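Read through the structure below, which is laid out as structure tokens, and then see the notes.
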Amino acid sequence: MSHHHAAAPVPSAWQHRAERDPRAWVAPTVATVLGALLAPVAFLFGGLSVMATDSCGPDDCSQALTDTLTVIFGTLFYGGILAVGAWLASWLLPWTRRWSVPRIWLAVLSLLPWLFVLLLVFNLPEG
């Protein structure tokens, strides 16, 4: 009598997830194109947003304006690092169906800092 058990059959859902994903390139490519358009615009408008303090001077501006400018510059720096990391990870994940959902989420996440900066810039509070 043998003590070895027969290998359990692998469910077909797992086999499906291990297959190569022929559309794995779509989400990172869309994120690359949109990021290449959004990032420079976010840096340009984020950099120009400091001109909102021209009318009130650097010391007499409202706290809401200075807080928003701080968030804009923090998002450009830290969010930029996050965006590049998420973008890179969306390209570097294995191109199998198992990783298709995380790849899409990382691609979307890589665009959020740029969109957030643009949202803040176009909704600056009064000085």
Side-chain angles (χ1 to χ4, degrees):
M1 180 181 272
S2 174
H3 294 293
H4 299 286
H5 298 288
V10 177
S12 64
W14 289 0
Q15 289 174 348
H16 176 70
R17 292 180 67 188
E19 291 176 3
R20 183 165 171 80
D21 186 2
R23 294 173 296 188
W25 60 274
V26 173
T29 302
V30 170
T32 300
V33 170
L34 289 176
L37 296 172
L38 289 172
V41 172
F43 273 102
L44 175 68
F45 284 120
L48 292 175
S49 67
V50 76
M51 290 192 315
T53 62
D54 287 349
S55 64
C56 57
D59 298 327
D60 298 326
C61 294
S62 70
Q63 188 65 38
L65 178 60
T66 56
D67 289 347
T68 303
L69 291 174
T70 302
V71 171
I72 287 172
F73 291 118
T75 303
L76 284 174
F77 181 75
Y78 295 109
I81 293 170
L82 172 73
V84 170
W87 170 79
L88 193 59
S90 73
W91 276 109
L92 295 178
L93 283 176
W95 286 28
T96 59
R97 293 184 191 270
R98 174 182 181 195
W99 294 101
S100 61
V101 173
R103 182 179 301 104
I104 292 168
W105 277 107
L106 285 167
V108 170
L109 179 65
S110 73
L111 299 174
L112 291 181
W114 316 129
L115 293 170
F116 184 63
V117 166
L118 291 174
L119 176 76
L120 288 175
V121 166
F122 290 121
N123 293 303
L124 280 175
E126 290 188 29

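Since the model is a prediction, treat every value here as computed from it, not as a measurement. Hydrogens, waters and symmetry mates play no part in the numbers below; they use all other heavy atoms, side chains included.
Atom CG of residue Leu37 and atom OG1 of residue Thr32 lie 11.0 Å apart, to the nearest 0.5 angstrom. Note that CG of Leu118 and OG1 of Thr75 are 11.0 Å apart. Values are rounded to the nearest 0.5 Å. Separation of atoms CZ (Arg103) and CZ (Arg97) is listed at 11.0 Å; rounding is to 0.5 Å. Atom CD1 in Ile104 sits 13.5 Å away from atom CG in Leu109 (nearest 0.5 Å). Phe73 contributes atom CZ, which lies 14.0 Å from atom OH of Tyr78 (distance to the nearest 0.5 angstrom). Atoms CG and CG, on Leu93 and Leu88 in that order, are 10.0 Å from each other to the nearest 0.5 Å.
Phe122 is connected to Leu69 through a chain of hydrophobic side-chain contacts under 4.5 Å among Ile, Leu, Val, Met, Phe, Trp and Tyr, so both are in one cluster. Note on Phe45: it clusters hydrophobically with Phe116, by side-chain heavy-atom contacts below 4.5 Å among ILVMFWY residues. Under a hydrophobic-cluster definition in which Ile, Leu, Val, Met, Phe, Trp and Tyr are linked whenever side-chain heavy atoms come within less than 4.5 Å, directly or via other members, Val50 and Leu120 are assigned to the same cluster. Under a hydrophobic clustering in which Ile, Leu, Val, Met, Phe, Trp and Tyr are joined whenever their side-chain heavy atoms come within less than 4.5 Å, directly or via other members, Val41 and Leu38 fall into the same cluster. Side-chain heavy atoms closer than 4.5 Å link hydrophobic residues (I, L, V, M, F, W, Y) into clusters, and following such links, even through other members, never connects Ile81 to Ile72.
For the pair Leu76 and Ala42, the tightest heavy-atom approach, listed with the atom from each and the gap, is CD2-O, 3.9 Å. In plain terms, the two heavy atoms of Gly46 and Val117 that are nearest each other are CA-CG1, 4.4 Å. Taking every heavy atom of both residues into account, Ala107 and Ala27 meet most closely at CB-O, 3.5 Å. Across all their heavy atoms, Ala52 and Leu65 have their closest contact at O-CD2, 3.8 Å. Considering all non-hydrogen atoms of both residues, Pro113 and Gly79 come closest at CG-O, 3.2 Å. Taking all atoms of both residues into account, the shortest heavy-atom contact from Leu111 to Ala31 is CD2-O, 3.6 Å.
Take Gln63 and apply the side-chain hydrogen bond (donor to acceptor under 3.5 Å, both in side chains) test, not counting sequence neighbours, and it matches Asp67. In this structure, the side-chain contact (heavy atoms from CB on, under 4.5 Å) partners of Ala39, at least two apart in sequence or on a different chain, are Trp114.
Counting only distance, with no hydrogens or angles, the side chain of Trp95 and the backbone of Leu92 share no donor-acceptor pair below 3.5 Å.
Side-chain contact between Leu106 and Trp87 is absent, with no heavy-atom pair separated by less than 4.5 Å. Put simply, the side chain of Thr29 reaches to within 4.5 Å of the side chain of Trp91, judged on heavy atoms.
A donor and an acceptor atom, one from each side chain of Trp105 and Ser90, are nowhere located under 3.5 Å apart.
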